Structure formats: structure tokens, C-alpha cells
Amino acid sequence: MRSKITAVCLMLIVSLVGATGILMAQDATETPTPEPEMPTLVGVTWQWEYFADAMQETEVPTPPDYTITFTDEETFQAKADCNYVLGTYTVDEDANTISILPGPMTLALCPGNSLGNDFVNHLAEVVTYSFTEDNELLLEAPVDTGTMTFSAQPQVTGTVTYLQRIALPEDTVVRVQLQDVSLMDAPADILGEQVFVTDGKQVPFSFAVSYPQSAIEENHRYSISARITDGEGKLLFINDTLVPVITDENATSEVELILVRVGS
């Protein structure tokens with residue numbers, strides 16, 4: 001009799017284990033695998049790392065000196081060594097084609113080994129873009145005439161807002177800066193900046209300030225700050241507290257900058 005009871009108990013245990021295994025397998029199959037985050041062309045500061053064509057391969061010695069940032073309005077701003085370039089671009093996301101048209105450029109005299117002119121000329125020849133498995137951006141000229149390889153600079157992201165119920169004029173300018181504030185008795189070094197006109201939009205404003213990773217030192221202190229001015233440059237709002245970022249385990253994403261009214 002005991003052996004029959006034991007056998008029945010064993011059968012029940014095996015059945016329960018099997019059922020649990022089935023349920024676990026069902027749960028595993030029902031849990032969706034998160035999609036990997038895809039890089040985007042717009043809103044990222046891309047720094048030039050490498051160039052290759054049929055005749056040569058060039059590793060860019062100072063990538064943070066050669067950057068390009070594409071905006072939603074089909075404009076771009078670029079740094080070409082010691083000069084700055086503005087321009088426009090058109091893109092077909094379905095065909096991965098792009099046309100870059102450099103515009104006004106500053107005319108500072110860069111060092112003799114500068115790649116500034118090469119950088120701008122290569123950009124003007126680009127016809128397609130793509131992303132690698134390592135999230136690098138490739139800008140390619142026609143038929144093996146050159147490929148530019150870019151990596152994305154890290155960013156501090158967040159929002160700018162204020163608590164007063166006051167509407168901003170249409171020509172309001174928002175300026176967000178990432179600064180090295182390690183030295184108390186010296187001006188802060190600006191590592192990154194984003195400036196935009198609000199065009200009638202109101203707070204909160206999202207920001208993403210890129211910075212070169214090579215400029216970050218573990219024993220330094222960094223802060224993010226913002227100011228809002230009207231179209232004539234009159235200061236309207238500013239943050240009055242230090243907002244640390246990047247080092248010392250401080251946040252670099254979803255940072256909320258709450259500004260105070262000037263003269264209130």
C-alpha cells in the first residue's frame with residue numbers, strides 16, 4: 001500500500017515539475033526581447049575618426065576638432081579644426097542617401113597640418129550614410145572615392161524649465177553650457193554648448209549637450225547650466241545653483257534645470 005502511495009506521489013511531483021517547466025518556457029517565450037537602441041543622424045554630435053579611399057587611409061589625430069551636428073530643420077553646424085561651418089543637408093531615410101551643402105565658414109588660420117579644408121571638402125562629396133554594428137556613422141562618397149567614419153560624442157541630456165507662469169516671446173534664445181568648474185579662481189572651461197531659438201514654444205525645453213570624452217578627467221568637477229534671453233540679449237532666466245554632472249557618480253541624463261527669473 002505504501003509503495004502505491006509513494007508511486008502516486010512521485011508521479012504528482014513529476015507532473016508538477018513538468019507543468020512548471022512548461023509555464024516557465026511559456027513565460028520565456030512570451031517575454032519580448034528588447035530592441036537594441038538604434039543610432040540617429042540628428043541630434044548627435046559626430047566626431048570624425050577615420051578616412052579611407054582607394055589610395056589612402058587616414059586616422060584623424062584629434063577627432064574632437066572635426067565634428068558635425070545635424071538638426072531637425074535640415075541644417076548642420078560643423079567644427080573644422082579652428083573654424084566653424086554652417087550649412088544645409090537633405091536626406092532620404094528610406095534610401096539612406098544624403099547631400100551635404102557647406103555654407104558660411106569662419107576664416108581663422110589653422111596650423112599647417114590641419115585637416116579642416118579636407119574635412120569640409122569630403123563632406124561636400126558625400127552621397128550615402130549608414131551605421132555600423134558599433135553605432136559608428138559612415139558618410140560615403142560615390143564608388144570608393146572616400147568613406148568618412150564618425151563616432152558619437154557622449155551627451156548630457158535633460159530639460160530646461162522655470163516655475164513662473166510667464167510666456168516667453170517668440171525670439172527667445174536658450175543657451176545650455178557644460179563647463180569644467182574644477183578651478184575656483186579661474187574662468188570655467190566650456191566643454192560643450194547648445195543654443196537654440198524657441199520660435200514661440202514654451203518650457204520645458206529638451207537639451208542634449210555633446211562633449212569630447214577625451215576632455216573629461218576623473219578628478220575634475222563639471223556642471224551644466226542654462227540661461228534664457230530675449231532676442232536682444234536681455235537675460236530673463238538663469239539657474240542660480242551648481243548642477244554637477246558626469247563625474248562623482250552624478251547624472252548625465254534626464255537632468256532638470258529649474259531656472260529663476262532675473263530681477264524678480
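Since we're looking at a predicted model, the values are computed, not measured.
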Checklist line | Distance in Å, Q202 CD paired with E170 CD, rounded so as to fall on 0.5 Å steps | finding: 9.5 Å
Checklist line | 4.5 Å side-chain heavy-atom contact, Q177 and Q179 | finding: yes
Next item on the list: Assess whether side chain to side chain contact (heavy atoms under 4.5 Å, CB included) is satisfied between M105 and V85, documenting all intermediate values.
Entry: CA-CA 4 Å; M105 178 177 176; V85 187; 3.7 Å; yes
Note to self: Under 3.5 Å, is there a donor on one side chain and an acceptor on the other for S210 and Q155?
What the structure shows: yes
Note to self: So V181 and L242, do their side chains get closer than 4.5 Å, heavy atoms only?
What the structure shows: yes
Margin query: Nearest 0.5 Å, please: how far is OH in Y211 from CD in Q153?
Written below: 9.5 Å
Checklist line | Over all atoms of both residues, closest heavy-atom pair of T198 and P169 | finding: OG1-O, 3.7 Å
Notebook entry, point to check: Taking atom CG of L259 and atom CD of Q164, what is their separation to the nearest 0.5 Å?
Noted result: 9.5 Å
Next item on the list: Determine, using the 4.5 Å side-chain heavy-atom cutoff (strictly less than), whether V243 and I246 are members of one ILVMFWY cluster.
Entry: yes
Note to self: How about CZ on F196, more than 12 heavy atoms from neighbouring residues, nucleotides or ligands closer than 6.0 Å, or not?
What the structure shows: yes
Check: If you round to the nearest 0.5 Å, how far is OG1 of T67 from CD of Q47?
Finding: 8.0 Å
Notebook entry, point to check: With hydrophobic residues grouped by side-chain heavy-atom distances under 4.5 Å, do V262 and V160 end up in a single group?
Noted result: no
Item checked: Contact summary for T69 and T45, nearest pair of heavy atoms -> OG1-OG1, 2.9 Å
Notebook entry, point to check: Does N117 CG have over 12 foreign heavy atoms under 6.0 Å away?
Noted result: no
Notebook entry, point to check: Is the closest side-chain heavy-atom distance between L123 and I68 below 4.5 Å?
Noted result: yes
Notebook entry, point to check: Are side-chain heavy atoms of E193 and V176 found at a separation under 4.5 Å?
Noted result: no
Check: Would N96 and T128 count as having a side-chain donor-acceptor pair, cut-off 3.5 Å?
Finding: no
Margin query: Using the rule given for ring-ring contact (aromatic ring centres under 6.0 Å, His included), can you reason through Y66 versus W48, listing the C-alpha separation, both sets of side-chain angles and the distance that settles it, and then say yes or no?
Written below: CA-CA 6 Å; Y66 304 92; W48 188 29; 5.8 Å; yes
Next item on the list: Show your working on side chain to side chain contact (heavy atoms under 4.5 Å, CB included) between F51 and T149 and close with a plain yes or no.
Entry: CA-CA 6 Å; F51 176 80; T149 301; over 6 Å; no
Check: Atom CG of L178 and atom OG of S223: how far apart are they, to the nearest 0.5 Å?
Finding: 7.5 Å
Next item on the list: Please confirm whether the backbone N or O of V42 pairs with a side-chain atom of T40, one donor and one acceptor, at under 3.5 Å?
Entry: yes
Check: Is it true that R221 and D180 have a side-chain N and a carboxylate O under 4.0 angstrom from each other?
Finding: no
Margin query: Could you report the tightest heavy-atom contact between Y50 and E57, atom names first, then the distance?
Written below: OH-OE1, 2.7 Å
Next item on the list: Might you confirm whether atom CD of Q56 has over 12 heavy atoms from other residues, nucleotides or ligands at distances under 6.0 Å?
Entry: yes
Notebook entry, point to check: Can you name the nearest heavy-atom pair linking I100 to P102, along with the distance?
Noted result: O-CD, 3.4 Å
Next item on the list: Identify the two heavy atoms, one from F119 and one from A80, that lie closest to each other, and give their separation to 0.1 Å.
Entry: CD2-CB, 3.9 Å
Notebook entry, point to check: So among F70, Y129, F76, which one has a ring pair (Phe, Tyr, Trp, His ring centres under 6.0 Å) with Y89?
Noted result: F70
Notebook entry, point to check: Are any side-chain N or O atoms of N239 and backbone N or O atoms of T241, one a donor and one an acceptor, separated by less than 3.5 Å?
Noted result: yes
Notebook entry, point to check: Quick one: does V195's side chain get under 4.5 Å of V174's, heavy atoms only?
Noted result: no
Next item on the list: State whether the side chain of S114 and the backbone N or O of G116 hold a donor-acceptor pair below 3.5 Å, judged by distance alone.
Entry: yes
Notebook entry, point to check: Just by distance, do the side chain of N83 and the backbone of L107 share a donor-acceptor pair under 3.5 Å?
Noted result: yes
Note to self: Rounded to the nearest 0.5 Å, what separates atom CD1 in I216 from atom CD in E218?
What the structure shows: 10.5 Å
Check: Do the side chains of V156 and F207 get nearer than 4.5 Å, heavy atoms only?
Finding: yes
Item checked: Joint cluster assignment, V60 & L138, ILVMFWY side-chain distance < 4.5 Å -> no
Item checked: L41 backbone acceptor or donor facing W46 side chain under 3.5 Å -> yes
Checklist line | Least distance between heavy atoms, V245 atom then V255 atom | finding: CG1-CG2, 4.2 Å
Check: Does D81 reach the side chain of L115, with side-chain heavy atoms less than 4.5 Å apart?
Finding: no
Item checked: Between S206 and T159: side-chain donor-acceptor atoms closer than 3.5 Å -> no
Next item on the list: For residues I258 and L163, determine if any side-chain heavy atom of one lies less than 4.5 Å from a side-chain heavy atom of the other.
Entry: yes
Next item on the list: Apply the test side chain to side chain contact (heavy atoms under 4.5 Å, CB included) to residues L168 and F237: give CA-CA distance (whole Å), side-chain angles for both, the deciding distance (0.1 Å), then the verdict.
Entry: CA-CA 10 Å; L168 296 171; F237 292 89; 4.0 Å; yes
Check: Run the side chain to side chain contact (heavy atoms under 4.5 Å, CB included) check on V203 and Y162 step by step: do they pass?
Finding: CA-CA 7 Å; V203 294; Y162 53 80; 3.4 Å; yes
